[in-house]
Amino acid sequence: MQPYNSPFGNKVAFLVFFLSCLLISIAVGDLKEGDSLVKEDDQRVDERPLRLNQVVFIIQSQKNSFHVRRAEERRLELLRQASSHEQNPPPVLLLHSLSDNEGDWSILPLLPYLSTTFGRNSSWIVYLEEQTNVKLSRLLQVLGKFDRRKEWFLGKPLHDEESTIIHHYAFADNPSIFKYPDFAAGWALSIPLVNRLANKVRDEPLKSDFTIDLKHEIALYIWEEGKGPRLTAVPELCTEPEGSPTAQHCVTTLDTYLPLCGDPVKKEDVFVAVKTCKKFHAERVPVVKKTWERHAALLEYYSDHADPTIPTIDLGVPNTERGHCGKTFAILERFVSNAVPQTKWLLIVDDDTLISLPRLWALLRCYDPSEPVCLGERYGYGLGQGGYSYITGGGGMVFSRAAVTRLLSSGCRCYSNDAPDDMVLGMCLNALGLPVTHSPLFHQARPEDYSKDFLAPQVPISFHKHWNIDPVAVYHKWLVDDRGDRMPDKPHRDAREEL
């Protein structure tokens, strides 16, 4: 037997050590190779063509019967395109029907449901508006370019050229750096992002504040002060008119102009109520008279002072600086009384509202006045915790006679004369279960407060405020059609359907 410390023993020990190292090296090499194969396999899985049933479409629909029909038409068109593929069809959901929560239109409260329902077997949530056309096959190709295992926020980017009150003066030093999606072009969230945001919504209740411009507020929530993804621009998501030569590269387009629902309503069917006060009789009322008043068949000015030269009607409600709930409810009472002609529609505007009445008549032909219709630019308050929606007053509030009758018969009233009228009306409508119907053609602010790309395809109905502008010039630039104020009877190639 050789001693343990003999040269031969040392050689054997070295050989054992060498073989052990070699085996460990081989094992580690196999492990690394195995890891590499797993990664490559994962990559191959991700590179497989995106299938139809991995994309969930949500049409941002509304409860009004006209909008329900339009959303259902969009849903059927998507499913018709899907039927030409030898695949399972995609889920196509109508936003208004997913729950009884009024605040679901603000998107964020619905994320936990979407994550639970689609978070395991889907790849994308794609949001569309009712008028957004989609080329389904090409959309799949576009989405397939993105690694769906990562967080993506896709859309057509908009930006502010100047800081604006409607965005709470966000990024005041350089507002153009922050991009937010044009909803009309369609926008998309990858499922990993949906899942993370859903957990955030569950863990951190949404603040009970105002929802004013949803597309901007969604982008801020997702960005999360730099901790989340920014909007990624997708050139194929467009707001070009359907059939336009400029839309050849687009996977989404828009229908042109207002839908032909029939003849415009008669101007005698719309009663116009203008809210004013003595201090603005000489400043604001003349602007109304120089611009849009001449198109109204039935119009009254309501003030805290009776001035026969305008003329104005004193409703017996003193003017307040905070809100005008008392005055607005007095207008509603007068509308259903014998003091004014009986009409199908009531329009309430401020004395610094600029509005195209012919465009409003064309819009209203799509709505049934026998339904309780409450139409305008929709805002929200506290939607993450119940809350309610309301029509912001400056852009104009339109009510069918049925809606006014339901409101007044409910007994809902102002808690004070100086309460905010539009918000109190929203609370009343919410208590009655009557929907607020949104149209982006009504605008609470001035044209310069909105992105140019957002307004470019629109045919706006109203703007609001006279701050630092020539209101008469703004009216003629934005609210007068080429052939005067008369709405064209046929679709216009350069105009966009925005209902």
Are [X] and [Y] within salt-bridge range, i.e. N to O under 4.0 Å?
| X | Y | answer |
| --- | --- | --- |
| Lys200 | Glu204 | no |
| Glu333 | Arg413 | yes |
| Lys275 | Asp421 | yes |
| Asp481 | Arg359 | yes |
| Arg196 | Glu224 | yes |
| Lys327 | Asp418 | no |
| Arg334 | Glu300 | yes |

Taking the side chain as C-beta and beyond, is there a heavy-atom pair between [X] and [Y] under 4.5 Å?
| X | Y | result |
| --- | --- | --- |
| Asn53 | Asn121 | no |
| Leu197 | Val194 | no |
| Asp314 | Ser303 | no |
| Gln342 | Val336 | no |
| Ile355 | Leu347 | yes |
| Ile59 | Leu95 | no |
| Arg70 | Gln131 | yes |
| Tyr379 | Gln444 | yes |

Selection residues 94-104 - residue pairs positive for salt bridge (Lys or Arg N to Asp or Glu O under 4.0 Å), sequence neighbours left out: none
Does [X] make a cation-pi contact with [Y] (under 6.0 Å, within 45 degrees of the axis)?
| X | Y | answer |
| --- | --- | --- |
| Lys215 | Phe454 | yes |
| Lys290 | Tyr475 | no |
| Arg69 | Phe66 | no |
| Arg401 | Phe335 | yes |

Please give me the minimum heavy-atom distance between [X] and [Y], naming the atom from each residue.
| X | Y | answer |
| --- | --- | --- |
| Leu79 | Pro89 | CD2-CB, 4.2 Å |
| Cys325 | Pro420 | CB-C, 4.5 Å |
| Ser439 | Leu363 | OG-CD2, 4.3 Å |

Test salt bridge (charged side-chain N to carboxylate O under 4.0 Å, His left out) applied to Asp470 and Lys477, step by step: CA-CA 11 Å; Asp470 177 349; Lys477 177 180 178 179; over 6 Å; no
Do side-chain atoms of [X] reach the backbone of [Y] as a donor and acceptor pair under 3.5 angstrom?
| X | Y | result |
| --- | --- | --- |
| Thr252 | Cys238 | yes |
| Thr353 | Gly395 | no |
| Arg365 | Ala362 | yes |
| Thr392 | Glu377 | no |
| Thr132 | Leu128 | no |
| Arg294 | Thr291 | yes |

Parallel, tilted or perpendicular: ring planes of Tyr388 versus Tyr390, cut at 30 and 60 degrees: tilted
Evaluation steps, salt bridge (charged side-chain N to carboxylate O under 4.0 Å, His left out), between Glu77 and Arg80: CA-CA 5 Å; Glu77 168 58 21; Arg80 184 196 65 77; 2.8 Å; yes
Partners meeting ring pair (Phe, Tyr, Trp, His ring centres under 6.0 Å) with Trp292 (sequence neighbours left out): none
Answer yes if the ring centres of [X] and [Y] are under 6.0 angstrom apart, and no otherwise.
| X | Y | value |
| --- | --- | --- |
| His464 | Phe442 | no |
| Trp105 | Phe183 | no |
| Phe153 | Trp223 | no |

Stepwise ring pair (Phe, Tyr, Trp, His ring centres under 6.0 Å) check, His67 with Tyr367: CA-CA 9 Å; His67 291 281; Tyr367 296 92; 5.6 Å; yes
Test side chain to side chain contact (heavy atoms under 4.5 Å, CB included) applied to Val126 and Ile58, step by step: CA-CA 6 Å; Val126 175; Ile58 298 180; over 6 Å; no
Heavy atoms from other residues, nucleotides or ligands near CG of Asp203 exceed 12 (cutoff 6.0 Å): yes
Exceeds 12 heavy-atom contacts within 6.0 angstrom, atom NZ of Lys179: yes
Determine whether the side chains of [X] and [Y] contain a donor N or O and an acceptor N or O closer than 3.5 Å.
| X | Y | answer |
| --- | --- | --- |
| Ser370 | Asp368 | yes |
| Tyr450 | Glu161 | no |
| Lys344 | Ser400 | no |
| Thr343 | Glu268 | no |
| Asn195 | Ser115 | yes |

Full working for ring pair (Phe, Tyr, Trp, His ring centres under 6.0 Å) between Phe57 and Trp187: CA-CA 10 Å; Phe57 290 94; Trp187 56 290; over 10 Å; no
Full working for salt bridge (charged side-chain N to carboxylate O under 4.0 Å, His left out) between Asp449 and Arg446: CA-CA 5 Å; Asp449 292 313; Arg446 308 165 303 165; 3.0 Å; yes
Derivation of the ring pair (Phe, Tyr, Trp, His ring centres under 6.0 Å) call for Phe271 and Trp345: CA-CA 6 Å; Phe271 187 87; Trp345 297 99; over 10 Å; no
Qualifying residues under salt bridge (charged side-chain N to carboxylate O under 4.0 Å, His left out), relative to Lys278, sequence neighbours excluded: none
Test log, rule ring pair (Phe, Tyr, Trp, His ring centres under 6.0 Å), inputs His167 and Tyr180: CA-CA 11 Å; His167 295 156; Tyr180 51 98; 5.2 Å; yes
Step-by-step side chain to side chain contact (heavy atoms under 4.5 Å, CB included) determination, Leu206 to Tyr221: CA-CA 10 Å; Leu206 299 169; Tyr221 189 85; 3.7 Å; yes
Residue pair Val373, Phe399: steps toward the side chain to side chain contact (heavy atoms under 4.5 Å, CB included) verdict: CA-CA 6 Å; Val373 179; Phe399 302 94; over 6 Å; no
Verdict with supporting geometry, Gln60 and His96, side chain to side chain contact (heavy atoms under 4.5 Å, CB included): CA-CA 7 Å; Gln60 294 177 238; His96 80 276; over 6 Å; no
